[in-house]
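Each remark here refers to the structure printed beneath this line.
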2 protein chains.
Amino acid sequence: MNLATNTKIRMTRQRQQILDHLSSVKTHPIADELYQMVRQQMPRISLGTVYRNLEILSDSGIIQKIDVGGTQKRFDADISNHAHIRCVKCGCVGDLDVHIDVDFEDAARKACDFEVLRHRLEYSGICPDCKDKKAVLM
Amino acid sequence: MNLATNTKIRMTRQRQQILDHLSSVKTHPIADELYQMVRQQMPRISLGTVYRNLEILSDSGIIQKIDVGGTQKRFDADISNHAHIRCVKCGCVGDLDVHIDVDFEDAARKACDFEVLRHRLEYSGICPDCKDKKAVLM
DNA sequence: ATTGTATATAGTAACGATTTCTATTATCAT
DNA sequence: ATGATAATAGAAATCGTTACTATATACAAT
Ligand SMILES: [Mn+2]
Ligand SMILES: [Mn+2]
Ligand SMILES: [Zn+2]
Ligand SMILES: [Zn+2]
């Protein structure tokens, strides 16, 4: 299951907490980070519940799962179309509103025999914090 | 260690086989697929050796490790700058020579506080084989 | 060709992220 | 309030990848 389903989902206390916490941050947390956040309010929640709900919420199109390399998937309550940049030093992920006026899919259609569906633009670099740390060491 | 190192590496029989097999295909195989290929010639090679050598070869800049989503990393003996497209049905990965005349890094620099280093453009779609299979079912 | 030594190997165990399993509990349309 | 269905906690399992270790190999110097 990968696209948004139109099945209505039950709103459990756990699911609501996960969604609330994810909505309140701009950091693109991994599953375990959300687990730690929600545990403050619900100490008995299980990590499996966090994983399952993140899956259900992203399948429903309410949040998005993002894969910017590295070993862990990240999650974003902002489902608008925007790019991401990952810090090669600390692994943090930031938003990036680049608007490049190019029809990417169309360009790709001319270059292969696939039925082109979507594209993803991802950046890597060094975040402000890590830039500062580097400066201190010099 | 992530960038090309200038340390010279020993050429073992195992390493040569892995490199030869990878160079002979255009399929962007995963580690286990290369393991199966090399096993035809060297039945005693261990999967750990395949993983270690793929790491060493990509650190040396001789091959590239590519991450196009999904759970497994893929490898490519073609180190030229080109994009990839992944089939959402079967997971196969194809090459894509799209040349979009845009300074991606520069566009990103204006949109965030990161020191922008590089970008990656990735596509997903349906490969020719899976298009045919779908047609047969209709 | 022989040697020395740093590096690589096979085989196996460990790891870490994610998924699956199952008995119990909660949601929500009726 | 009831009951059908979906969700939960907690634990075990899965799977890609990495680490460990005793033995073997590559290769530069002799
Ligand atoms: Mn975002
Ligand atoms: Mn390629
Ligand atoms: Zn950073
Ligand atoms: Zn396909």
Side-chain angles (χ1 to χ4, degrees), chain A residues 1-2 5-22 28-60 62-75 86 91 93, chain B residues 1-2 5-22 28-60 62-75 86 91 93:
Chain A
M1 199 176 287
N2 220 341
T5 61
N6 39 20
T7 338
K8 67 181 63 172
I9 60 171
R10 288 187 186 170
M11 194 45 67
T12 61
R13 296 185 307 117
Q14 290 87 341
R15 189 165 295 161
Q16 188 67 59
Q17 283 281 327
I18 292 164
L19 186 53
D20 287 351
H21 274 98
L22 183 58
H28 310 89
I30 61 177
D32 193 67
E33 287 170 345
L34 282 161
Y35 174 54
Q36 301 304 337
M37 295 182 209
V38 177
R39 280 225 282 183
Q40 306 295 318
Q41 278 76 44
M42 309 181 71
R44 313 295 303 263
I45 194 171
S46 98
L47 181 55
T49 297
V50 175
Y51 272 105
R52 187 170 13 77
N53 277 303
L54 289 171
E55 196 65 30
I56 289 168
L57 289 167
S58 55
D59 280 347
S60 311
I62 297 167
I63 68 172
Q64 66 168 318
K65 192 195 286 198
I66 58 187
D67 182 1
V68 284
T71 50
Q72 286 137 299
K73 297 286 194 314
R74 293 184 171 269
F75 297 88
R86 153 182 288 261
V93 174
Chain B
M1 200 174 286
N2 221 341
T5 60
N6 39 18
T7 338
K8 66 182 66 173
I9 61 172
R10 288 187 184 172
M11 192 47 66
T12 62
R13 296 184 307 115
Q14 291 85 343
R15 189 166 295 161
Q16 189 67 61
Q17 283 281 325
I18 291 164
L19 187 52
D20 287 350
H21 274 99
L22 183 59
H28 311 89
I30 60 176
D32 193 68
E33 287 170 344
L34 282 162
Y35 175 54
Q36 300 305 336
M37 294 182 212
V38 177
R39 280 226 282 182
Q40 305 296 318
Q41 278 76 45
M42 309 182 71
R44 313 294 303 263
I45 195 172
S46 98
L47 181 56
T49 297
V50 175
Y51 271 105
R52 185 168 17 75
N53 277 302
L54 289 170
E55 196 65 31
I56 290 169
L57 288 168
S58 57
D59 280 348
S60 311
I62 298 169
I63 67 172
Q64 66 169 319
K65 194 196 283 199
I66 58 188
D67 182 1
V68 284
T71 48
Q72 287 138 299
K73 297 286 193 316
R74 293 182 172 269
F75 297 88
R86 154 181 287 262
V93 174

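Numbers restart at 1 for each chain; the letters A, B, ... are given by sequence-line order, proteins then strands. Computed from a prediction, not measured in an experiment: that's the story for all the values here.
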Using atom types as modelled and distance alone, determine if a side-chain donor or acceptor of A/Gln36 lies under 3.5 Å from a backbone N or O of A/Glu33.
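Not at all, since once roles are kept as given, no pair shorter than 3.5 Å links the two residues.
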Within this structure, what is the [atom1]-to-[atom2] distance between [X] and [N], rounded to whole angstrom?
X       : N      : atom1 : atom2 : answer
A/Gln72 : D/dG16 : CD    : C1'   : 14 Å
A/Gln17 : D/dA7  : CD    : P     : 18 Å
A/Leu54 : C/dT18 : CG    : C1'   : 12 Å
B/Ile56 : C/dT7  : CD1   : P     : 11 Å
B/Gln16 : C/dA8  : CD    : C1'   : 15 Å
B/Arg74 : D/dT17 : CZ    : C1'   : 16 Å
A/Leu57 : D/dA7  : CG    : P     : 11 Å
A/Tyr35 : C/dG16 : OH    : P     : 16 Å

Would a 4.5 Å heavy-atom cut-off, applied to side chains only, mark B/Ile9 and B/Ile62 as touching?
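A side-chain contact under 4.5 Å exists here.
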With sequence neighbours left out, what residues match B/His28 under ring pair (Phe, Tyr, Trp, His ring centres under 6.0 Å)?
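B/His28: ring pair (Phe, Tyr, Trp, His ring centres under 6.0 Å) contacts with B/His84.
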Check the side chains of B/Gln41 and B/His21 for a donor-acceptor pair under 3.5 angstrom, ignoring hydrogens and angles.
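Side chains of B/His21 and B/Gln41: pair found under 3.5 Å.
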Any B/Tyr51 side-chain N or O less than 4.0 Å from OP1/OP2 of D/dT17
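Result: yes.
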Please check the phosphate of C/dG11 (OP1 and OP2 only) for any side-chain N or O of B/Arg44 closer than 4.0 Å.
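Answer is yes, contact under 4.0 Å.
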Step-by-step side chain to side chain contact (heavy atoms under 4.5 Å, CB included) determination, A/Arg74 to A/Arg86:
CA-CA 11 Å; A/Arg74 293 184 171 269; A/Arg86 153 182 288 261; 3.8 Å; yes
From D/dT17, C/dT18, C/dT9, nucleotide with atom closest to B/Lys73 side chain
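For the B/Lys73 side chain, the nearest candidate turns out to be D/dT17.
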A/Thr49 side-chain proximity, nearest of C/dA10, D/dT8, D/dT17
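Nearest nucleotide to the side chain: D/dT8.
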Value rounded to 0.5 Å, distance of [atom1] in [X] from [atom2] in [Y]:
X       : Y       : atom1 : atom2 : answer
B/Leu22 : B/Asn53 : CG    : CG    : 11.5 Å
A/Leu57 : A/Ile63 : CG    : CD1   : 5.0 Å
B/Arg39 : B/Leu47 : CZ    : CG    : 9.0 Å
A/Leu34 : A/Ile45 : CG    : CD1   : 9.5 Å

Protein-nucleic acid N or O pairs under 3.5 Å, nucleotides 21-25 of chain C:
none

Classify A/Ile30 by what it touches in the nucleic acid, base, sugar-phosphate, or nothing, heavy-atom distance under 4.0 Å.
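Answer is nothing: A/Ile30 stays at 4.0 Å or more from every strand.
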When we call it a touch if two heavy atoms are under 4.0 Å apart, what does A/Asp32 touch: a base, just sugar-phosphate, or nothing?
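If one applies the 4.0 Å heavy-atom cut-off, A/Asp32 turns out to touch nothing in the nucleic acid.
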Map A/Ile45 and B/Leu47 onto DNA chain D by nearest heavy atom, then report which one ends up closer to the 5' terminus.
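Its nucleotide being nearer the 5' end, the pick is A/Ile45.
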Which residue, A/Lys65, A/Arg15, A/Lys73, forms the salt bridge (Lys or Arg N to Asp or Glu O under 4.0 Å) with A/Glu55?
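Output: one option passes, namely A/Lys65.
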Polar pairs (N or O, both sides) under 3.5 Å between protein and nucleotides 21-27 of chain D?
from, atom 1, to, atom 2, distance (Å)
D/dC27, OP1, B/Met11, N, 3.0

